[in-house]
Amino acid sequence: MDQVSIKRALLSVSDKTGIVELGQALAAHGVELVSTGGTAKALRDAGLEVRDISDLTGFPEMMDGRVKTLHPKVHGGLLAVRDNAEHVASMQEHEIGAIDLVVVNLYPFAQTVARGAARDEIIENIDIGGPSMVRSAAKNHDSVAILTDPADYALVSEGSTTLAQRRKFAAKAYAATAAYDAAIASWFAFADQGERFPQTLPIALTKGPELRYGENPHQSAALYLPQAGARGIAQAEQLQGKELSYNNYNDADAALELVSEFKDGPPTVVIVKHANPCGVATADTLKQAYLQALACDSVSAFGGIIAVNRKLDRETAEAMAGIFTEVVVAPDADDDARAVFAAKKNLRLLIAGDLPDPARPGLMLKSIAGGMLVQSRDNGRLGELKVVTKRAPSEQELADCRFAWTVAKHVKSNAIVYAKGGSTAGIGAGQMNRLESARIAAWKAKDAAEKAGWAEPRTIGSAVASDAFFPFADGLLAAAGAGATAVIQPGGSIRDDEVIAAADEAGLAMVFTGMRHFRH
C-alpha cells in the first residue's frame with residue numbers, strides 16, 4: 001500500500017527535541033498517542049492525552065525501566081503484515097492493535113562515554129527496547145513508519161505517510177541502529193577490553209557536508225564524522241570563505257596535526273602545501289614566527305594552508321594577508337584579526353578550539369584494493385638520544401635537532417629537514433631516495449636566501465633530521481656540504497658504522513633516536 005493513515009503512534013525518545021510539537025500535530029489529526037516514561041510525561045505536561053505503554057501491554061514498566069516495550073502487543077502491532085490473513089487473525093485473537101508510526105531515538109550511549117562516565121552508567125545507557133522497536137518497524141515499512149531523527153518529524157505531521165517516505169525512514173533507521181551498535185562494540189573492544197585490533201572493526205560515521213569534488217574534479221567526496229567526542233579539523237568552526245574542498249580538509253589536517261606538536265610551546269606557525277610543511281617556525285610572537293616560516297619557502301607558501309598554536313592577532317593576520325592563502329587554522333582569533341581576514345573573501349578561517357593532543361591514541365585507516373590497512377597513530381615521542389659521534393652536539397644544536405625531528409615526523413618520506421634557531425631552513429619531501437631529499441632541501445634553502453637577500457642560506461650551522469636511517473653516507477655528506485653541523489636520525493642501518501665514521505670525518509655531531517617516522 002502507498003498512503004497509510006496514522007491511527008496509532010508509539011513515541012519513546014531520549015532526546016525530547018520537537019516531540020511535543022509532533023505529538024500536538026498528530027493529536028490534531030486524531031492519532032492515538034502511546035508513550036513511555038519521560039516521553040509520556042513531556043506530552044502530558046503539554047496537555048496531550050497519552051496512553052501508557054503499560055496500559056497497552058497489560059504489564060507495568062519494570063526492572064528500572066529495562067523492560068517496558070519488549071512485549072508481543074508492541075512488536076505484534078509493529079511486525080504484523082496487514083494484508084496477511086493469518087497475521088490479521090493472530091492480531092484479533094490476541095487483541096493486538098496495529099501501530100502505524102514509531103518515533104524512537106536511543107539512549108545517549110556515545111555521549112555518555114564521551115563525558116567520561118563510570119562503567120555502570122555506560123552499561124545502563126545501552127538501549128535494548130529502542131533498537132528492537134526500530135528494527136521491527138523498519139522491517140515492516142510497507143505499513144509502518146519509523147522516525148529516528150527529529151529533523152524528519154515534520155514529514156509525518158499531517159497524519160499520513162507514503163511508501164517512498166517509509167522506505168527512506170527504514171533505511172535511515174537501520175543506519176542509526178548499526179551506528180549505535182558499532183559505538184557499543186567499539187567501546188567494549190577498545191575501552192573496556194583494551195583490544196588493539198578487534199576481530200571485527202566496527203566503524204560508524206555520520207555524513208557531514210558533501211564536498212565540491214575529491215582530489216580531482218572527476219572524483220566525488222563527502223566528509224563523515226564520528227558520533228561524539230572527537231576534536232580536530234573536521235569539528236573546526238569555519239568563520240568565512242567558500243566551502244572547504246577535499247584537498248583543503250586534507251592539508252588543513254596536516255597543518256593542525258603538526259602545529260599541535262607545539263601546543264605547549266612558544267608561538268609557532270606551520271605552512272603546508274600538498275600535505276607537506278614548506279615552512280615551520282617558533283618565535284617570541286606569532287608574527288615573527290609567520291615571517292620566519294614564510295621565508296623558508298615563500299614560493300610554495302602561495303596558496304597554502306597556515307596553522308598557528310596561539311590566538312590570532314591583528315598584526316599576524318595583516319602579515320598573512322600579504323599573499324594568497326587558502327586556509328588559516330587557529331585555536332581562536334581576536335576581533336581585529338577576524339576583521340582583517342573578512343576583507344579576504346576567498347580565505348577560509350577555521351577556529352579549532354583546543355588543539356588535539358599529539359600523543360593521543362587512535363587508529364589510522366587506509367583503503368587498498370580488496371581491503372583496509374589499519375595501524376595505530378604515530379604518536380611516538382622522543383626519548384633519550386644516543387650520541388654516536390666523537391663530538392656531542394651543543395645545547396643549541398640539540399635544540400635544533402629536536403625541532404627538525406618534530407617537523408620531519410610530518411613530512412612525507414623520504415624526509416630531510418634542516419632547521420636553525422627554531423625555524424626550518426629547508427625541507428625535502430617524498431623523494432625516492434634520501435640523497436635527493438637532502439639535495440632538494442639544501443637547494444630550497446639556497447633559493448630562500450637569495451630571495452630574502454641573506455648572505456648565506458640558513459642551512460649553514462643548522463641541524464638536519466632524517467625520518468629514517470641513512471642507508472649510505474652520501475645523504476649525510478650532502479647535508480654536511482649544505483652547512484649542517486648536527487644530525488638527528490633513527491639509526492639501525494647495517495652501514496651505521498660507515499655513516500658514523502663519515503660524520504666524524506666531517507666534524508658533525510650526530511644522535512640516534514631509535515625510532516623512525518615514515519609517512520607515506
Side-chain angles (χ1 to χ4, degrees), residues 214-216 219 233 245-261 270-281 293-294 296-307 326-327 358 364-368 373 375 377-378 380 403-419 423-448 457-459 462-472 474-479 481-482 484 487-490 492-493 513 515-520:
E215 284 184 288
N216 300 291
Q219 295 172 269
I233 205 66
S245 70
Y246 179 98
N247 292 330
N248 291 151
Y249 274 112
N250 191 53
D251 291 350
D253 178 66
L256 181 64
E257 288 280 18
L258 176 46
V259 85
S260 293
E261 300 275 2
V270 170
I271 306 175
V272 163
K273 191 71 171 289
H274 292 182
N276 274 306
C278 57
V280 183
L294 177 64
C296 180
D297 188 351
S298 59
V299 174
S300 297
F302 185 86
I305 310 288
I306 302 173
E326 289 273 8
V327 180
M364 301 177 69
L365 286 70
K366 179 180 177 62
S367 62
I368 59 174
L373 293 173
Q375 66 173 342
R377 290 189 70 256
D378 183 3
F403 180 85
W405 180 257
T406 300
V407 176
K409 174 183 173 182
H410 295 265
V411 179
K412 298 294 178 67
S413 299
N414 288 309
I416 292 290
V417 176
Y418 296 90
S423 299
T424 51
I427 299 173
Q431 299 306 303
M432 286 66 74
N433 67 74
R434 204 157 296 279
L435 173 60
E436 290 305 309
S437 288
R439 287 171 171 168
I440 289 171
W443 174 82
K444 283 180 170 289
K446 184 178 179 181
D447 185 64
R458 289 194 295 198
T459 50
S462 68
V464 64
S466 174
D467 66 337
F469 60 66
F470 285 101
F472 302 97
D474 53 2
L476 178 138
L477 293 175
V487 181
I488 183 170
Q489 60 135 319
S493 168
T513 67
M515 175 187 294
R516 79 179 190 195
H517 283 305
F518 270 161
R519 192 176 187 88
H520 290 96

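Heavy-atom basis, side chains included; hydrogens, waters and symmetry copies ignored.
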Trainee: Check whether any side-chain heavy atom of E215 lies under 4.5 Å from a side-chain heavy atom of N247, and answer yes or no.
Mentor: yes
Trainee: Is there a side chain to side chain contact (heavy atoms under 4.5 Å, CB included) between L435 and F472? Walk through the geometry before answering.
Mentor: CA-CA 9 Å; L435 173 60; F472 302 97; over 6 Å; no
Trainee: How far does CG of L256 sit from NE2 of H410, to the nearest 0.5 angstrom?
Mentor: 10.0 Å
Trainee: List the steps and the verdict of side chain to side chain contact (heavy atoms under 4.5 Å, CB included) for I427 and Y418.
Mentor: CA-CA 6 Å; I427 299 173; Y418 296 90; over 6 Å; no
Trainee: Would you say the side-chain atoms of R458 pair up with the backbone N or O of G426, donor to acceptor, closer than 3.5 Å?
Mentor: no
Trainee: With side chains defined as the heavy atoms from C-beta onward, is the minimum distance between F403 and T424 less than 4.5 Å?
Mentor: yes
Trainee: Below 4.5 Å, heavy atoms only, C-beta onward: do V411 and P277 meet side chain to side chain?
Mentor: yes
Trainee: Of I305, I271, V299, V272, which is the lone residue that meets side chain to side chain contact (heavy atoms under 4.5 Å, CB included) with C278?
Mentor: I271
Trainee: Tell me whether Y246 contacts the main-chain N or O of N216 through its side chain, where contact means a donor paired with an acceptor under 3.5 Å.
Mentor: no
Trainee: Of all the heavy-atom pairs spanning R439 and A478, show the shortest one and how long it is.
Mentor: CG-CB, 4.5 Å
Trainee: Could you measure the distance from the CG atom of D378 to the CZ atom of R516? Nearest 0.5 Å is fine.
Mentor: 10.0 Å
Trainee: Counting only N and O atoms by type, is there a donor-acceptor contact under 3.5 Å from the side chain of S298 to the main-chain atoms of L294?
Mentor: no
Trainee: To check you understand the geometry: which heavy-atom pair defines the closest contact between A465 and W405, and what is its length?
Mentor: CB-N, 3.6 Å
Trainee: Using modelled atom types only, decide if a donor and an acceptor are shared between the side chain of T459 and the backbone of S462 within a distance under 3.5 Å.
Mentor: no
Trainee: Going from CG on D447 to CD1 on I440, what distance comes out if it is rounded to the nearest 0.5 angstrom?
Mentor: 13.0 Å
Trainee: What heavy-atom pair brings V464 and A479 nearest, and what distance separates the two atoms?
Mentor: CG1-CB, 3.9 Å
Trainee: Looking at every non-hydrogen atom in both residues, tell me the closest pair between R434 and F470 and how far apart they are.
Mentor: CD-CD2, 3.9 Å
Trainee: Going by the rule salt bridge (charged side-chain N to carboxylate O under 4.0 Å, His left out), which residues pair with E261 if we only count those two or more places apart in sequence or in a different chain?
Mentor: R381, K409
Trainee: Strictly distance-based, threshold 3.5 Å: is any side-chain N or O of K273 a donor or acceptor partner for the main-chain N or O of F302?
Mentor: yes
Trainee: Using the salt bridge (charged side-chain N to carboxylate O under 4.0 Å, His left out) rule, collect all pairs that involve residues 246-255, keeping only residues at least two apart or in two chains.
Mentor: none
Trainee: Looking only at atom types and distance, does a side-chain atom of N433 sit under 3.5 Å from a main-chain N or O of E436, one as donor and one as acceptor?
Mentor: yes
Trainee: For the side chain of D467 and the backbone of A408, is there at least one donor-acceptor N/O pair under 3.5 Å apart?
Mentor: no
Trainee: Give a yes or no on whether the backbone of A415 and the side-chain of S413 come within a donor-acceptor separation of less than 3.5 Å.
Mentor: no
Trainee: Shortest non-hydrogen contact from A425 to A445?
Mentor: O-CB, 3.2 Å
Trainee: Any donor and acceptor pair, going by atom type alone, linking the side chain of D297 with main-chain N or O of K444 inside 3.5 Å?
Mentor: no
Trainee: So which atom in I368 and which in L373 form the shortest heavy-atom distance, rounded to 0.1 Å?
Mentor: CG2-CD1, 3.8 Å
Trainee: Okay, side chain of S423, backbone of A293: is any donor-acceptor separation there less than 3.5 Å?
Mentor: no
